[in-house]
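See structure below.
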Amino acid sequence: INENGIQMANRMGMALARLQDQCPNEFLHSNLLRAKQTAAQAALETRRQVSLKTLDALAEVDFGPISEGKPVSEVRTDMMRTYAAWSAGFVDTRPAGGGESGREVSV
């Protein structure tokens, strides 16, 4: 993760630490390295024993070139169009220009 991600993870860990006895003792993350790194950094900031666990159901969606390197504000419409098609049953629909279909995401 980059410096911004580290700072965000630190703030999340500090916020969770304020929960004291209600702070979770297990953080779930996707199988992406940056997700694991974020969870580990946040766990450090809680100053508690927190275990990390990969949860495959947290997989991310590859929206392909429509979203690569762009802020969500620029690609939200295309992403929502894809989600709408999937929710209407068109699971083989891919984002404009490539990316994963709903069927691939659910595997």
Rounded at 0.5 Å granularity, tell me how far CD in Gln37 sits from CD in Gln41. 9.5 Å

CG on Asp56 to CG on Leu28, rounded to 0.5 Å: 11.0 Å

Distance check, rounded to the nearest 0.5 Å: Thr46 atom OG1 versus Met12 atom CE? 10.5 Å

Nearest heavy-atom neighbours spanning Ala9 and Thr38: CB-O, 3.6 Å

Just verifying a value: how many Å separate Ser30 OG and Lys36 NZ, rounded to the nearest 0.5 Å? 11.0 Å

More than 12 heavy atoms of other residues, nucleotides or ligands under 6.0 Å from CG of Asn2: yes or no? yes

Side chain to side chain, Thr54 and His29, heavy atoms closer than 4.5 Å: yes

For residues 80-90, which side-chain N or O atoms pair as donor and acceptor with protein atoms under 3.5 Å away, sequence neighbours left out?
{"from": "Arg81", "atom 1": "NH1", "to": "Asp78", "atom 2": "OD1", "distance (Å)": "2.6"}
{"from": "Thr82", "atom 1": "OG1", "to": "Asp78", "atom 2": "O", "distance (Å)": "3.1"}
{"from": "Trp86", "atom 1": "NE1", "to": "Thr93", "atom 2": "O", "distance (Å)": "2.9"}
{"from": "Ser87", "atom 1": "OG", "to": "Tyr83", "atom 2": "O", "distance (Å)": "3.3"}
{"from": "Ser87", "atom 1": "OG", "to": "Ala84", "atom 2": "O", "distance (Å)": "2.9"}

For a 4.5 angstrom cut-off between non-hydrogen side-chain atoms, does Pro24 reach Leu16? yes

So the salt bridge (charged side-chain N to carboxylate O under 4.0 Å, His left out) pairs with at least one residue in residues 13-35 (sequence neighbours excluded) are Arg34-Glu60

Is it possible for you to say whether Leu19 and Leu52 belong to one hydrophobic cluster, with membership spreading through side-chain heavy-atom contacts below 4.5 Å? yes

Does the Arg103 side chain pair with the main chain of Val91, one donor and one acceptor, at a distance under 3.5 Å? no

Enclosure of Glu68 CD (heavy-atom neighbours >12, cutoff 6.0 Å): no

With side chains defined as the heavy atoms from C-beta onward, is the minimum distance between Gln22 and Gln20 less than 4.5 Å? no

For a 4.5 angstrom cut-off between non-hydrogen side-chain atoms, does Val105 reach Val61? yes

May I ask you to say whether Glu45 pairs ionically with Arg11, meaning some side-chain N is under 4.0 Å from a carboxylate O? no

